[in-house]
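Quick notes on the structure that follows.
Just so it is clear, the structure is predicted and the values come from calculations on it, not from any experiment. For ligands, and for the atoms within them, numbers begin at 1 and follow the listed sequence.
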Amino acid sequence: MSRNTRVYVAGHRGLVGSALCRALRGRVELVTATSAELDLRDAAATAAFLDRHRPEVVVVAAARVGGIGANAAAPVDFLSDNLRIQLSIMDAARALRVPRLLFLGSSCIYPRQARLPIREEELMTGPLEPTNSAYAVAKIAGVEQVRAVRAQHGLAWISAMPTNLYGPGDNFHPTRSHVLPALVRRFHEAVREGHGEVVVWGTGAPRREFLHSDDAAAALVTLLESYDDPDPINVGTGRDISIAGLARLIADASGFRGRVRFDDAKPDGTPRKVLDVSRITALGWRPAIALREGIAATCAWYRDAVAADLAVAR
Ligand SMILES: NC(=O)C1=CN([C@@H]2O[C@H](COP(=O)(O)OP(=O)(O)OC[C@H]3O[C@@H](n4cnc5c(N)ncnc54)[C@H](OP(=O)(O)O)[C@@H]3O)[C@@H](O)[C@H]2O)C=CC1
Ligand SMILES: C[C@H]1O[C@H](OP(=O)(O)OP(=O)(O)OC[C@H]2O[C@@H](n3cnc4c(=O)[nH]c(N)nc43)[C@H](O)[C@@H]2O)[C@@H](O)[C@@H](O)C1=O
């Protein structure tokens, strides 16, 4: 990629899209549109947009995204919106023979009982995690569309499987967010309002892997520059932590000194998710932001965003 390369980052205001724009700004010609300017579920409008801008690279970082609560509340929306968004973009890009496209799957689309750490070969080898199976099926369709376009049209499209991501510009909605931003918000509000207790969903026993969005963006740039294979490639740290341990880290970073109560009436989801990242580290990428450091920076970003009355929830 060079300064004259037109790169369309679909979803440029999101957690991943905004981090990727930070990483690429000044290095390429960025093409962007908000969902108000271009609803990517509209195939005709999407085709007209790509025809007008003729990007050489497309990154599909636009999607309906949310945590375990959001997926349980609206599975049809997660299936339908994500199928429509990715089909609109990839059908239009294929018709224009866009040479390079990066589709984003997710670690949560691996089978619930995948062998750990999860290798890319585990995809579609067993039953999905029920709490996000509709979303996962949409994502699997996207991964397969990339594979099919490579085989049928010979375009150098690729797909990545990021682990749980966090960082500035995340969705901090109280119930539709992922665990890390949800707890950053909840502990921040408990300190601000003097609450003595914070509720964490589930048992606290599940384990998750967390990668900062700036590290994820660097990984996506590495993939755009040096990965050309039909198989999806994992993007993660290879290290996991329990939800209870994560809550302690966020409580410490927020200055919360009260009690943490686990609400086991809420679902735990997949018992453990941690990726095998040997393929992407073989390309020379490694995560640089330690979880404790990333949480402290995210808490500071959230405090500043709330103080500046910025929108922090989607
Ligand atoms: N967050 C995570 O932990 C992980 C995310 N991923 C994947 O990474 C990608 C990005 O996720 P993330 O950055 O967290 O998501 P966010 O929710 O932070 O951002 C999603 C973006 O998609 C855009 N968007 C949503 N619907 C539409 C639509 N109908 N038309 C146009 N734009 C739309 C939004 O645009 P606008 O702001 O203009 O409304 C928003 O900027 C997704 O594919 C997700 O599955 C994969 C693994 C983990
Ligand atoms: C990222 C990837 O993976 C996502 O799945 P997930 O990892 O299960 O998502 P999650 O972050 O919502 O939950 C992680 C764990 O954390 C616990 N938990 C505690 N307290 C809160 C809480 O307050 N909110 C949430 N959301 N979870 C909580 C929660 O009970 C669960 O045990 C997909 O939705 C999908 O989006 C996807 O692509």
Side-chain angles (χ1 to χ4, degrees), residues 9-21 32-42 45-46 49 59-72 77-78 81-82 84-86 88-89 102-110 112 129 131-133 135-136 138-139 142 159-167 169-187 198-211 213 216-217 220 234-236 242-244 246-247 250 260 262-264 266-273 275 311 313-314:
V9 179
H12 74 286
R13 296 196 305 183
L15 172 69
V16 175
S18 59
L20 187 57
C21 287
T32 60
T34 67
S35 59
E37 292 163 341
L38 173 62
D39 184 340
L40 290 164
R41 295 170 298 184
D42 179 338
T46 304
F49 179 86
V59 179
V60 186
R64 176 184 281 266
V65 180
I68 196 164
N71 274 273
D77 299 339
F78 276 83
D81 284 2
N82 286 319
R84 292 164 69 194
I85 288 168
Q86 59 201 45
S88 292
I89 296 172
L102 168 57
F103 175 74
L104 293 175
S106 168
S107 64
C108 78
I109 75 175
Y110 284 114
R112 177 182 167 87
E129 161 56 39
T131 57
N132 54 239
S133 56
Y135 170 83
K139 286 293 176 181
S159 56
M161 302 280 266
T163 192
N164 294 50
L165 305 175
Y166 73 97
D170 203 345
N171 172 14
F172 292 84
H173 188 278
T175 59
R176 294 201 296 267
S177 53
H178 289 112
V179 59
L180 197 149
L183 295 186
V184 165
R185 176 180 182 134
R186 206 165 298 153
F187 281 112
V198 164
V199 175
V200 175
W201 295 356
T203 63
R207 300 183 67 86
R208 293 291 186 274
E209 174 187 25
F210 296 97
L211 179 69
S213 57
L220 300 186
N234 289 340
V235 179
S242 71
I243 297 303
L246 176 75
I250 299 172
V260 172
F262 292 96
D263 174 6
D264 58 13
K266 296 276 190 185
D268 272 344
T270 303
R272 190 174 176 206
K273 262 191 301 181
L275 296 178
R314 280 186 270 284

Ligand 2 contacted by T270 (non-hydrogen, < 4.0 Å): no

T34: numbered ligand 1 atoms lying under 4.0 Å from its heavy atoms: 38 (O)

G69 near ligand 2 by a heavy-atom separation under 4.0 Å: no

Proximity flag K139 to ligand 2, non-hydrogen atoms under 4.0 Å: no

Residue-ligand contact N171/ligand 1, heavy atom below 4.0 Å: no

Within-shell test, F103 vs ligand 1, heavy atom, strictly < 4.0 Å: no

N132: numbered ligand 2 atoms lying under 4.0 Å from its heavy atoms: 5 (O), 33 (C)

Polar proximity ligand 2 side, S107 side, N/O cut 3.5 Å exclusive: no

E129 touching ligand 2 at heavy-atom level, < 4.0 angstrom: no

Atom indices of ligand 2, in the order listed, that fall short of 4.0 Å to a heavy atom of P206: 32 (O)

Contact atoms of ligand 2, heavy-atom distance to P267 under 4.0 Å: 29 (C), 30 (O)

Nearest non-hydrogen protein atom, atom 37 (O) of ligand 1: R13 NE, 3.3 Å

Per-atom contacts, ligand 1 versus L38 - under 4.0 Å to a heavy atom: 30 (N), 31 (C)

I68 N/O to ligand 2 N/O under 3.5 Å: yes

Shortest heavy-atom approach to atom 22 (C) of ligand 2 - which of W201, Y135, F262, Y166: W201

Shortest protein contact, atom 39 (O) of ligand 1 (heavy atom only): S35 OG, 2.7 Å

Proximal atoms of ligand 2 relative to G66 (non-hydrogen, under 4.0 Å): 34 (O), 35 (C), 36 (O)

Close approach, N71 and ligand 2, non-hydrogen under 4.0 angstrom: yes

H178, H173, R208: member with heavy atom nearest to atom 6 (P) of ligand 2: R208

Least distance between heavy atoms, N164 atom then S107 atom: OD1-OG, 3.8 Å

Taking atom 45 (O) of ligand 1 as the reference point, the nearest protein heavy atom with its distance: Y135 OH, 2.5 Å

Distance filter under 4.0 Å to L40 heavy atoms, resulting ligand 1 atoms: 28 (C), 29 (N), 30 (N), 31 (C), 32 (N)

Contacting atoms of ligand 1, where contact means under 4.0 angstrom from a heavy atom of R314: 16 (P), 17 (O), 18 (O)

Atom indices of ligand 1, in the order listed, that fall short of 4.0 Å to a heavy atom of H178: 1 (N), 2 (C), 3 (O)

Min heavy-atom dist D81 to ligand 1 below 4.0 Å: no

Per-atom contacts of ligand 2 with A182, taking only distances under 4.0 Å to non-hydrogen atoms: 22 (C), 23 (O), 24 (N)

Atom indices of ligand 2 within 4.0 angstrom of G67 heavy atoms, with elements: 12 (O), 34 (O)

Structural part of D170 in contact with ligand 1, heavy atom criterion under 4.0 angstrom: neither

Non-hydrogen atom of A10 closer than 4.0 Å to ligand 1: no

Sub-4.5 Å side-chain heavy-atom contact between L104 and P162: yes

For atom 20 (C) of ligand 1, the protein heavy atom that lies nearest, with its residue and separation: A63 O, 3.6 Å

Protein heavy atom under 4.0 Å of atom 48 (C) of ligand 1: yes

Protein contact of atom 27 (C) of ligand 1 - nearest heavy atom, named by residue and atom, plus distance: I85 CD1, 3.9 Å

Y135 side chain reached by R64 side chain, heavy atoms, under 4.5 Å: no

Which of the ligand 1 atoms, numbered from 1, are nearer than 4.0 Å to a heavy atom of K139: 42 (C), 43 (O), 44 (C), 45 (O)

Which of the ligand 1 atoms, numbered from 1, are nearer than 4.0 Å to a heavy atom of N164: 3 (O)

Atoms of ligand 1 close to D39 [distance to a heavy atom under 4.0 angstrom, numbered from 1]: 28 (C), 29 (N), 30 (N)

Element-labelled atoms of ligand 2 that are located less than 4.0 Å from some non-hydrogen atom of V200: 19 (C), 20 (N)

